[in-house]
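As C-alpha cells, the structure follows; a few thoughts come after it.
Atoms within each ligand, like the ligands themselves, are counted from 1 in listed order. Basis for what follows: all heavy atoms, side chains included, without hydrogens, waters or symmetry-related copies. Throughout, numbering of the chain's residues begins at 1 and tracks the sequence.
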Amino acid sequence: MAKQKSMTIAYQVGKNLYLNLTNRCPCACTFCIRNNSDSAYGSDPLWLEHEPDWDEIHSVLESEDVSKYHEVVFCGFGEPTERLDMVLRTAAYLKTRGVISIRLNTNGLADLIHGKKTAELFKGLIDTVSVSLNAGTAKGYLEVTRPKYGEEAYTAMQEFAKDCKNYVPNVMFSVVDVLSEEELEASKQVAENCGIPLRIRALD
Ligand code: SF4
C-alpha cells in the first residue's frame with residue numbers, strides 16, 4: 001500500500017509536543033511502528049513529503065505556545081540525529097521560547113552517523129536523552145534493530161549513552177516489553193553496567 005505523506009512537523013501526544021524532522025534512519029527495527037502504520041498516537045501521517053528546512057520548522061513552532069507543553073520531544077518517523085544540526089538549532093530556539101524540558105528519543109547511533117563524538121553538543125540544549133537499548137546482547141540487538149553499521153552499532157550505542165551522562169541531566173535506556181525474560185534480564189545487566197536506568201515501555 002502506498003505511504004500516506006504529509007508535512008507533520010509537530011504533533012501532540014498527551015501533554016507533550018513531538019517533533020518529526022526526518023524519515024531517515026540507519027536501522028530497520030522489527031518492531032518499528034513505520035512497518036505497520038503511516039502515523040503514531042492518532043497523528044496525521046508522519047511520512048514527510050520532504051525534510052523541513054529551518055523556515056518551515058520555525059514557522060510551525062512560532063504558531064505554537066510551546067511553553068505550555070510538559071515536554072518537547074524529538075521523536076518522529078525516523079532517527080532525529082540524522083539531522084543533528086537541525087535538532088540542535090531547534091532545541092536552542094525552544095530554549096529561547098521558555099521550554100523547560102526537551103527530550104531526544106534516539107537509537108543512539110549519532111556517533112556512527114556523523115563519524116565523531118556527538119554527546120557534548122547536547123549540553124545546555126537537551127534535558128533528557130532516551131536511548132533505545134533494544135536488547136541485552138549484541139546478537140539480540142542485531143536481530144531486532146538491524147542497523148546498517150552491523151556489530152559495532154551495539155557498542156557504539158552504549159558508548160554514546162555513557163557519554164551523554166557527562167552533558168545531559170537525564171539519560172535512560174529503553175526496551176520494549178516484548179523481549180524474552182532472558183533478554184530482559186540481560187538488558188537490565190547492560191544498563192546497570194553502564195550506570196543508566198532502564199525503562200521498559202509498551203510496544204506502540
Ligand atoms: S530506530 Fe526507530 S525509526 Fe529507526 S527503524 Fe528503529 S524504531 Fe524505527
Side-chain angles (χ1 to χ4, degrees), residues 1 3-11 13 16-52 71-84 86-87 90 102-115 118-119 122 126 128-161 164 171-179 183-184 187 190-191 196 198-204:
M1 207 163 69
K3 290 171 183 166
Q4 284 188 57
K5 295 187 176 183
S6 76
M7 282 307 291
T8 307
I9 296 169
Y11 59 107
V13 180
N16 297 337
L17 185 69
Y18 277 43
L19 301 182
N20 180 41
L21 303 187
T22 184
N23 292 152
R24 285 181 282 154
C25 182
C27 301
C29 298
T30 53
F31 60 82
C32 184
I33 194 171
R34 306 185 304 178
N35 299 337
N36 302 311
S37 175
D38 293 331
S39 63
Y41 309 110
S43 71
D44 288 334
L46 294 174
W47 292 113
L48 293 161
E49 288 161 13
H50 61 262
E51 288 194 336
E71 211 173 22
V72 178
V73 186
F74 290 97
C75 176
F77 253 32
E79 166 51 37
T81 64
E82 284 277 5
R83 300 195 75 195
L84 184 59
M86 201 59 85
V87 167
T90 305
I102 301 178
R103 170 161 45 111
L104 169 68
N105 285 0
T106 177
N107 59 26
L109 300 182
D111 293 0
L112 291 181
I113 293 170
H114 298 284
T118 56
F122 301 125
I126 301 293
T128 300
V129 174
S130 178
V131 179
S132 299
L133 179 63
N134 286 348
T137 60
K139 181 172 176 289
Y141 180 81
L142 285 178
E143 285 173 4
V144 168
T145 307
R146 300 184 291 189
K148 73 177 187 184
Y149 303 109
E151 284 185 14
E152 67 174 321
Y154 192 55
T155 309
M157 172 270 294
Q158 291 175 60
E159 287 303 311
F160 169 82
C164 282
V171 180
M172 65 184 80
F173 280 133
S174 73
V175 292
V176 287
D177 60 0
V178 295
L179 294 185
E183 196 74 51
L184 188 56
S187 300
V190 169
I196 295 173
L198 178 67
R199 183 173 67 101
I200 302 166
R201 67 177 181 87
L203 185 62
D204 297 319

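The protein heavy atom nearest to atom 4 (Fe) of ligand 1 is C25 SG, 2.3 Å. Nearest non-hydrogen protein atom to atom 5 (S) of ligand 1 is C29 N, 3.3 Å. Here the protein heavy atom with the shortest distance to atom 8 (Fe) of ligand 1 is C32 SG, 2.4 Å.
Under the 4.0 angstrom criterion, atom 2 (Fe) of ligand 1 counts as lacking any protein heavy-atom contact.
Just one residue in the list T145, N35, V176 forms a side chain to side chain contact (heavy atoms under 4.5 Å, CB included) with C29, and that residue is T145.
Backbone or side-chain N, O or S atoms of C27 do not reach atom 8 (Fe) of ligand 1 at under 2.8 Å.
Residue contact check: N107 has heavy atoms under 4.0 Å from atoms 1 (S) of ligand 1.
Distance alone, capped at 3.5 Å, places no donor-acceptor pair between the R83 side chain and the T22 backbone. Side-chain atoms of Y141 never come within 3.5 Å of backbone atoms of P147 as a donor-acceptor pair (strictly under, hydrogens ignored). Judged purely by atom type and a 3.5 angstrom limit, S132 has no side-chain atom pairing as donor or acceptor with the backbone of N107.
Within a 6.0 Å sphere centred on CD of E151, other residues, nucleotides and ligands contribute 12 heavy atoms or fewer.
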